[in-house]
Every structure is written in structure tokens, then in C-alpha cells.
2 protein chains.
Amino acid sequence: MADQRSTRSQPGSGGLFNPKAQQRPGTVAFRDLPGGCAACQIRELAICQALSDEEIASLEAILTQQRYAPSQTLFYEGDPAQYVFNLTAGTLRLSKLLSDGRRQITGFLRTGDFLGFARDDAYTYTAEAVTQVEVCRFAITEFEALFQHFPQLEHRLLARASNELAEAQDQMLLLGRKSPTEKLASFLLRQMSKAEKMGEPSSPVRLPMGRSDIADYLGLTIETVSRSFTKLRKDGVLELPDPNTVVVRDLQRLEDMGE
Amino acid sequence: MADQRSTRSQPGSGGLFNPKAQQRPGTVAFRDLPGGCAACQIRELAICQALSDEEIASLEAILTQQRYAPSQTLFYEGDPAQYVFNLTAGTLRLSKLLSDGRRQITGFLRTGDFLGFARDDAYTYTAEAVTQVEVCRFAITEFEALFQHFPQLEHRLLARASNELAEAQDQMLLLGRKSPTEKLASFLLRQMSKAEKMGEPSSPVRLPMGRSDIADYLGLTIETVSRSFTKLRKDGVLELPDPNTVVVRDLQRLEDMGE
DNA sequence: CGTAACGTTGAACTGTCTCAAGATCCGTGG
DNA sequence: CCACGGATCTTGAGACAGTTCAACGTTACG
């Protein structure tokens, strides 16, 4: 019934049982962007997209840049929500836990994604770095104050939220009704399309997360994920030079399985 | 893409194979609200909440009221998105289909809920009436035009979207990691809290949807849903005077099972 | 070179689904 | 008023997909 051994403690993790967790060890606030937002590479991807100079300046005035090492936590489910974030580099996972340790990952975030909105002033999920991560961090109160003057910002957030909602519904269909192989195929297709959207090649897909993260994202065990990879490989749909690199050999068949 | 037929034809259904389906048989545009929005009972629940008189007037100018009979369809997944809706009475189900007919219900909507935002101008899910339903319908173009003048409206929608997103994540946790009994318990608890929020009694909960809808919402079969109900009943947690009425006998235990 | 984390594979188990039959409720018509 | 048919729900028995438990392989790193 329960997937008890939900692993979680990882090396270098600034987790609950690390006495220094409060200090977010390894987290660094830094300023290494000469020219500021104006020179930001990912402006086009993020909420900053198509904002006026005045708006950008207002955002820039209240942001702090931060770095997180792999498996470090940005915040825990239930923490009082103080900040919102814009991911400028790396991959993040959002997850929720049941009291016995079963975990569900609700999404992987990439460069350009936005996170942090909460309900009743508490985060409803945990956010952890999968890879090395860089974010722009804003105090929620300051961020929301900008809405008054820049409705465009809120408009952009609503568009993003609608999109996330549609993705969440796709994921519900996946979790509730797809077989393990279908789940994995859908997952890989989505990773590919996201990579493509960022100008990366879509065929040798690089998966930054491990099998355990994939399992908890797809509602499976790591063994079933591994077996599904093996099945797709034996069927000639994929090649796996290493566990984190997927070469698609037969896109048509992958698509047939995914939808 | 959508497999329209998917078992689900129900008596009185205005489905695809009904020759009059294009006309939405039984759908009635009506005006039976003397006094208009000003007199609307559910203003406090809906997006209209706390809008100025001017804003309400603008909304009222572009709205059409409509009625749908049980199992009638408001729109199908993939339809070009022309309208957004505010549900003023009854219960609605949102669902997505796989090509072979497997269905996932992504949510049940109640009085006061808002629906219709789409991606790329097409609806991403199907919306059907569970009970008799009444809605206020707005043309999307006209509705969005209001954002320019009334940012408050967009603010309200963002708040709703954030909330829906949090609920969607709860549902992912449910679908991916909970056992059938836990799923049913969580479902009942949520129905109870929603009923309570609308001033209805929380203990004899009325479930407007059938077992098949519950199954497709929880990612189970109807048989497993039925067996889970039976289990909760035999354990003394519930009573079931009839299949659509749930009396909670042991709330503590229900809560323990749900989370 | 040894150890630990991660991934893969195998064998057995078990929970959920599938298939099938019976029970219940409701509207309709004899 | 009661019999009938259809839809929905419940219950049972058996099959099977995915999990659990366990061992082994691989890679990275001190």
C-alpha cells in the first residue's frame, strides 16, 4: 500500500535533521550580473518578459539573487511564505509528503519558471534543488505591492497560472489513468518539448533527476520506472547511454505510447 | 482527439450522437433574476465578490444566463474557447479523455466556481452538468476586455487560480500515492468542507455524482469505490442511507484515513 | 581500492482490476 | 396496483499488473 522507503536523505542535504538547516548552509546571496536585469539572458523566458524599463527597474530594486546546491531546500511545505522566486538556472522539484513518508512530486521547474505563491500565507509544497540552482528572490509583500502600479505583471502571472493549471490536469490524467510505460513515455515527451522550448536539442534528452524523483513524479516505484526504461530500450524506442541520458530512436512509437 | 462516446451516454444526454447536439438541446438562455446581479444570492461566492457597482454593471452588460440539464455538455475538450462561465447553481464535472475512452475527472465545480480559461484558444477539458446547472456565460473577448479597466477582476482570478493550483497538487498526491480507502476518505472530507463553506450541513453529505464519476475522479474502478464505501461502512466510519447520502459516524477516524 | 549511492534485474506476493452475477431503485405501462 | 425494464450499485471469484523484498551491477569518490 504505502511506498515506505522514500529514501529522501541525500548527501549534502540541508534537510530537517541538519542542525544548520535554519541557516540554509551553502546558500549564497550574490550579485554577479553586471548590467543587472537589462543584461539578463533569460529575460524572455521569465515573468520579466516584455515588461517596461520602469517595471524591470522596480523588480530589480527588490530582488536578491541566490544559489542553492543540489538537494538543498528553498522552503518546506507548511513554512510561512515570505518569498516568491524566479528560477534563473538549474532544475527544481516541488513535492508534497504524507505523514508516513510517501512522497508525490508535483512538478519539475526549469529556467524561467516562477514559484512561491501560497495559500493562507504558508507554502503548500516543498521546493528543493535538483541541480545547482540560481534564483531571483522577492519578498512577497514587496512583490505584491508592484501589482498596484504594474497590472501587466499580474496579467503575466495569471497566464502562467492558467498554463500550470492545464499542465496539472494533464498530470492528473497521467497519474489516474495511464500505465507505467505510458507514464514514462509522456514524461519523456514533456521533457523533450520543454528542452526544445529552451533551444536545447530534443533528442539526446538530459534528465537531471534520479529514478527516485521520476518514480515519485509518476506515482510509481523506482523498480517499475527502471523496468519501464528497460522495456522501452528493448523495444528499440530508446537508447540509454547512461541513466540520465535518453536518445530517442523511434519518436513515432514514443508518441503513440504517451497519448 | 477526444473519444466522445466513452461509455458515458446517460439518459437525457445531449451528446454528440444526438442529432440536435449542436443546438445544445435543453439549454435555455433565460433572465429570471429580477434586480439583476444586485439581487444575486451568490455574489459573495463568485468572482463578482467585492466588485464595485460599476464593475458589476459592466459584467452584467455582457452576461447571458443559461441552464443545463444533468449530463449535458457545456463544451468539449478541444472545442474553440469562446466563453467563460460562472456557475450559479448545481454541480459540474471537468474531465479529460484518452483515445481509448479512459477518463479522468479533474474536478467537480460548485456554485460560485469559475471556469473556461483555455490554452491556445481551445478548452483543455470537457465540462458537463452533473445536476441541473445554471451559469452566467461571458464571451471571452468581452470578458478580457474588462481587465483593462478593472484590474481587481484579474486579481480575483489570480487568487482563484492559485487556489485551484493548490487543490490540483493535493489531487496529484491523492492520485499518485494514496490507497483506495485513503482516496475515498480524502474525497469525502473535501466534499464536507466545501459543503460547509457554503453553509450546508457537513455531516449528512449529499453526493450529487454517481460511483462512476467518483471512480474517474479518484483514479479507481467503480467496483473498488463501492468496496471502499462498504469497508468504511462496515468499520463504523460511515452510514449510507442511500448511495448518494453519507452520514459520518466517526469523523476522527475518517480524518486519520484521509491524511 | 573500498565504500556508498544509485540503478537494474529476478522472484514472489498482493491489491486492484476484470469479469460475472445478483440486488436495489425508479419510472413506465399494463 | 403491480409487473417490467433499465440503470446503478454491490458483491464474489479469479487474473494479473505493479509492488515488495532481495541480490547484483555500476559508477563516483575519498
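Just the heavy atoms: all of them, side chains too, but no hydrogens, waters or symmetry mates, feed the values below. Labels below follow one simple rule: chain letters A, B, ... track the order of the sequence lines, proteins then strands, and each chain is numbered from 1.
Between A/Arg211 atom CZ and C/dG7 atom C1' there is a gap of 7 Å when expressed in whole angstrom units. B/Leu238 has its CG atom 12 Å from the P atom of D/dT10, to the nearest Å. Nucleotide D/dC9 holds its P atom 15 Å from the CG atom of B/Leu220, rounded to whole Å. The interatomic distance linking B/Lys231 (NZ) with C/dG15 (C1') rounds to 13 Å, in whole Å. What separates CD1 of A/Ile222 from P of D/dT19 is a distance of 11 Å, to the nearest Å. In this entry the distance linking CD of B/Glu182 with C1' of C/dG15 reads 13 Å, nearest Å. In this structure, the CG atom of A/Leu184 is 11 Å from the P atom of C/dT8, given to the nearest Å. The nearest whole Å value for the distance from the CZ atom in A/Phe229 to the C1' atom in C/dC6 is 13 Å.
Here B/Ile42 contributes atom CD1 and B/Met198 contributes atom CE; the two are 8.0 Å apart, rounded to the nearest 0.5 Å.
An OP1 or OP2 oxygen of D/dT11 is reached within less than 4.0 angstrom by a side-chain nitrogen or oxygen of B/Thr230. Considering only side-chain N and O atoms, A/Arg233 lies under 4.0 angstrom from the phosphate OP1 or OP2 of C/dT9. Between B/Thr221 and the phosphate of C/dC17, there is a side-chain N or O to OP1/OP2 separation shorter than 4.0 Å. Considering only side-chain N and O atoms, A/Ser179 lies nowhere under 4.0 angstrom from the phosphate OP1 or OP2 of D/dA17. Contact between the side-chain N/O atoms of A/Arg227 and the OP1/OP2 oxygens of C/dT9 is not found at any separation under 4.0 Å. The phosphate of C/dC17 has OP1 or OP2 within less than 4.0 Å of a side-chain N or O from B/Thr224.
Classification of A/Arg103 and A/Asp213 as a salt-bridged pair holds, one side-chain N sitting under 4.0 Å from a carboxylate O.
Sequence order on DNA chain C of the closest nucleotides to B/Pro180 and A/Lys234 puts A/Lys234 first from the 5' end.
The aromatic rings of A/Phe75 and A/Tyr123 sit parallel, their planes meeting at an angle under 30°, below the 60° perpendicular limit.
The only option from A/Asp250, A/Leu240, A/Leu238 that meets the side chain to side chain contact (heavy atoms under 4.5 Å, CB included) definition with A/Leu232 turns out to be A/Leu238.
Side-chain N or O atoms of B/Glu200 include none that pairs as donor or acceptor with a backbone N or O of B/Val205 at under 3.5 Å.
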